[in-house]
Amino acid sequence: MRAVGDLDAIAQALNNIGSVHRLRGDYSQALQFYDRALEIRQNIGNRAGIAVTLNNQGVALVEAGKIPEAIDTLYAAIDALESLRPGLSDRNKISIFDKYRSSYSVLQKALLAQNQIETALEVSERGRARAFVELIARRVSPEAAQEYANERISSPTIAEIKQVAGAQNATLVEYSIAIDNKGENSQLLIWVVKPTGEIHARQVELSSLEQYRDNLVPFLVRGEPDGNSDSLLTALVRGTRADLAEPLLSIPADRVSSVKLKKLPQLLIKPIADVLPKNPEERVIFVPHNELFFVPFPALQDEAGRYLIENHTILTAPAIQVLQLIAQEATGDRATGEALVVGNPVMPVVSRQPGEEAQTFDKLPGAEQEAIAVGALLNTEPLIGSEVTETRVLQRISTADRVHLATHGLLDDYSTSGIPGAIVLAPGDAADGLLTAEEIMALNLNASLVVLSACNTGGGNITGDGIVGLSRALLGAGAKSAIVTLWKVEDAPTAQFMPDFYRFLAQTGDRAVALRQAMLATMQQHPNPRYWAAFTLIGESRSRR
């Protein structure tokens, strides 16, 4: 490489030799090679290479026990990484962050090792949903839009995080799955921020959960109570999508206890149970990480067998800063206060690629009943069957204050945009009948609430930016809050659940409270969580008009 004068390749080789020494535990030699690689990369202006080498240096310093020096180096790695973002598309911002996000994880662990709890939480926020935050920020105000254009949207300070908890009048619970570069020493980091501003932190060794392999992992992955499965660490951390929720569908109600659903709260809830609110009407906002976005938090059980939704009023958010920005965003001038309700459209016949076998969809008579009942409660005439054309929905959706779509939800990418997800509507007027996540992102929504009463609408691709799918598209397009589903919801129970939700919403004015009451009501008739725990509220609990 020297002979041909390839400086970039020389730096790469030096960096890799340093990593070999680090993996052998020879940290002094590793740091020397990293220094040589870094000097070349700085001289030739290879910012991506600089970020990688600084990250590797930071990891080596952590492993060598030089924590303060490691913290400084890892901050420098993050600064280098974030310098790559200006001018990139939303999709490329997500991609580049996924490639280099380990720096945030290692830095959080290093800060907690120094008992810098609040600073570690700031880094956790800095390392999540950055592209999503920028999408929302540019809608807040002209000034924020200019900051977005100049890439100056900063992550929240600890004072701002405390302010969000107070403004939401909620306990914030932020999770972070932290793994090192070897995929070892994995920890679950948890912060709890009380409305008073009090902050608590907990660390859970994920390896300690191997004892649950025989009864927990098969349930999470396949819904089977045998022990023929990979480790819990694989299910929670390494998979592209650990199907934490779907197996609820395949388990008869009388076997839910036998597969020990209550084991998962020993990881997620038990370590923080002492600092969660005791009043079930007080809100708890969970901010998951990675595969934890697929956890049905309302269905988790405590040691007494009570579901979490019985003890708490629950919301979720992709990041604390997303809550902050949604609260700042002014209500759209075009919102009419009217509702858009649709149900059971005439189903389109679609194919993702030319020549691909066409896809058809089952009719949803329960969704039609649901839409009629919800329309009556919201004092609007629902669109049913052939009326639910994509064109007609798009004409009304941007001015509606509440949007309720009772139809099929799809997880695939039908637009080849890298943003998966679509809502099935009726074809017509040259429209194919699929409202894709990409098309939603291009809208200017003014709704205080969008309900996707369809299957798997909370799904999507797991990235460092959170779940990239329909829920992200809705909030990015301007919706204040969204209710989505974690798995395939059944037609008839949902037709009862959703009218209950709107009746409770009319009584309370609080979306999280109404959702909890609807779950508790449905639980009386349908005890199995498969019938009520799929629904997740993301965003604001109350309107701020």
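It should be emphasised that the depicted structure is a prediction, and the values quoted were computed from it without experimental measurement.
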Evaluate the criterion side chain to side chain contact (heavy atoms under 4.5 Å, CB included) for residue pair Ile309 and Asn311; output intermediate values, then yes/no. CA-CA 5 Å; Ile309 196 63; Asn311 298 330; over 6 Å; no
Could you walk me through whether Met347 and Thr360 pass side chain to side chain contact (heavy atoms under 4.5 Å, CB included), step by step? CA-CA 7 Å; Met347 298 298 169; Thr360 60; over 6 Å; no
Could you please spell out the steps behind the side chain to side chain contact (heavy atoms under 4.5 Å, CB included) verdict for Asp302 and Ile269? CA-CA 8 Å; Asp302 63 17; Ile269 304 302; over 6 Å; no
Val451 vs Leu405, side chain to side chain contact (heavy atoms under 4.5 Å, CB included): CA-CA, chis, key distance, verdict: CA-CA 6 Å; Val451 177; Leu405 306 177; over 6 Å; no
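Under the side-chain hydrogen bond (donor to acceptor under 3.5 Å, both in side chains) criterion, Lys363 pairs with no residue at all, not counting sequence neighbours. Applying the side-chain hydrogen bond (donor to acceptor under 3.5 Å, both in side chains) criterion to Glu368, with sequence neighbours excluded, gives Asn344. By the side-chain hydrogen bond (donor to acceptor under 3.5 Å, both in side chains) test, Gln203 pairs with Gln187, sequence neighbours left out. The salt bridge (charged side-chain N to carboxylate O under 4.0 Å, His left out) check on Glu390 picks up nothing, with sequence neighbours excluded. Partners of Asp274 by salt bridge (charged side-chain N to carboxylate O under 4.0 Å, His left out), not counting sequence neighbours, listed by chain and number: Arg202. Under the rule for a side chain to side chain contact (heavy atoms under 4.5 Å, CB included), the partners of Asn279 that lie at least two apart in sequence or sit in another chain are Glu281, Glu282. Residues passing the ring-ring contact (aromatic ring centres under 6.0 Å, His included) test with Phe286, sequence neighbours excluded: Phe297. Scanning for ring-ring contact (aromatic ring centres under 6.0 Å, His included) contacts around His404 gives Tyr502, with sequence neighbours left out. The salt bridge (charged side-chain N to carboxylate O under 4.0 Å, His left out) check on Arg283 picks up Asp510, with sequence neighbours excluded. With sequence neighbours left out, Arg306 forms a salt bridge (charged side-chain N to carboxylate O under 4.0 Å, His left out) with Glu310.
Ser155 places no side-chain N or O within 3.5 Å of a backbone atom of Glu125 that could act as its donor or acceptor partner. Judged by distance alone, the side chain of Thr494 and the main-chain N or O of Phe497 form no donor-acceptor pair under 3.5 Å. With hydrogens and angles disregarded, no donor-acceptor distance shorter than 3.5 Å links the side chain of Lys162 to the backbone of Glu198. Side chain of Ser481 to main chain of Ser448: a donor-acceptor pair is present (N/O by atom type, distance under 3.5 Å, no hydrogens or angles). In this structure a side-chain-to-backbone donor-acceptor pair under 3.5 Å is present from Asn446 to Asn444. No side-chain donor-acceptor contact under 3.5 Å links Gln496 to the backbone of Pro493. Listed for the Lys194 side chain is no donor-acceptor partner under 3.5 Å among the backbone atoms of His200. Remark: the backbone N or O of Ile384 is paired with a side-chain donor or acceptor of Glu387 at under 3.5 angstrom.
Under the 4.5 Å side-chain criterion, counting only non-hydrogen atoms from C-beta, Ile423 is not in contact with Leu434. Residues Arg516 and His312 have side chains not in contact (no heavy-atom distance under 4.5 Å, counting atoms from C-beta outward). Counting heavy atoms from C-beta outward, Leu410 and Val424 have side chains that approach closer than 4.5 Å. Within the 4.5 Å cutoff, no side-chain heavy atoms of Thr316 are placed close to those of Leu537. Side-chain atoms of Asp432 and Pro348, non-hydrogen and from C-beta on, never get closer than 4.5 Å to each other. Proximity of Leu505 to Leu449: side-chain heavy atoms (C-beta onward) are separated by under 4.5 Å at one or more points. Leu394 has its side chain out of reach of Thr389: every pair of non-hydrogen atoms, C-beta onward, lies at least 4.5 Å apart. Between Val164 and Gln321 there is no side-chain heavy-atom pair separated by less than 4.5 Å.
Counted by atom type alone, Gln163 and Gln324 present zero donor-acceptor pairs between their side chains at under 3.5 Å. At a cut-off of 3.5 Å, with distance as the only test, a side-chain donor of Ser453 or Glu370 sits close to an acceptor on the other residue. A donor-acceptor contact closer than 3.5 angstrom is absent between the side chains of Arg511 and Ser541.
Closest heavy-atom contact between Val388 and Gly343: CG2-O, 4.0 Å.
The distance from atom CD1 of Ile272 to atom CH2 of Trp191, rounded to the nearest 0.5 Å, is 12.0 Å. To the nearest 0.5 Å, atoms CG (Leu325) and CG (Leu475) are separated by 11.5 Å. How far OG1 of Thr380 is from CG of Asp401: 11.5 Å, rounded to the nearest 0.5 Å. The CD1 atom of Ile314 sits 9.5 Å away from atom OG1 of Thr536, with the distance rounded to the nearest 0.5 Å. Note: Lys480 NZ to Leu445 CG = 12.5 Å, rounded to the nearest 0.5 Å. Leu474 CG to Ile397 CD1: the interatomic distance, rounded to the nearest 0.5 Å, is 7.5 Å.
Here the two rings, on Trp532 and Tyr307, have centers that are under 6.0 Å apart.
Heavy-atom neighbours of Gln507 CD from other residues, nucleotides or ligands within 6.0 Å: above the threshold of 12.
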Extract all donor-acceptor atom pairs below 3.5 Å that involve side chains of residues 170-177 and protein atoms in other chains or at least two apart in sequence.
residue : atom : partner : partner atom : Å
Glu174  : OE2  : Ser124  : OG           : 2.6
Glu174  : OE2  : Arg128  : NE           : 3.3
Tyr175  : OH   : Leu268  : O            : 2.8
Ser176  : OG   : Gln108  : OE1          : 2.8

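Residue pairs meeting the ring-ring contact (aromatic ring centres under 6.0 Å, His included) criterion with at least one partner in residues 364-392, sequence neighbours excluded, are absent.
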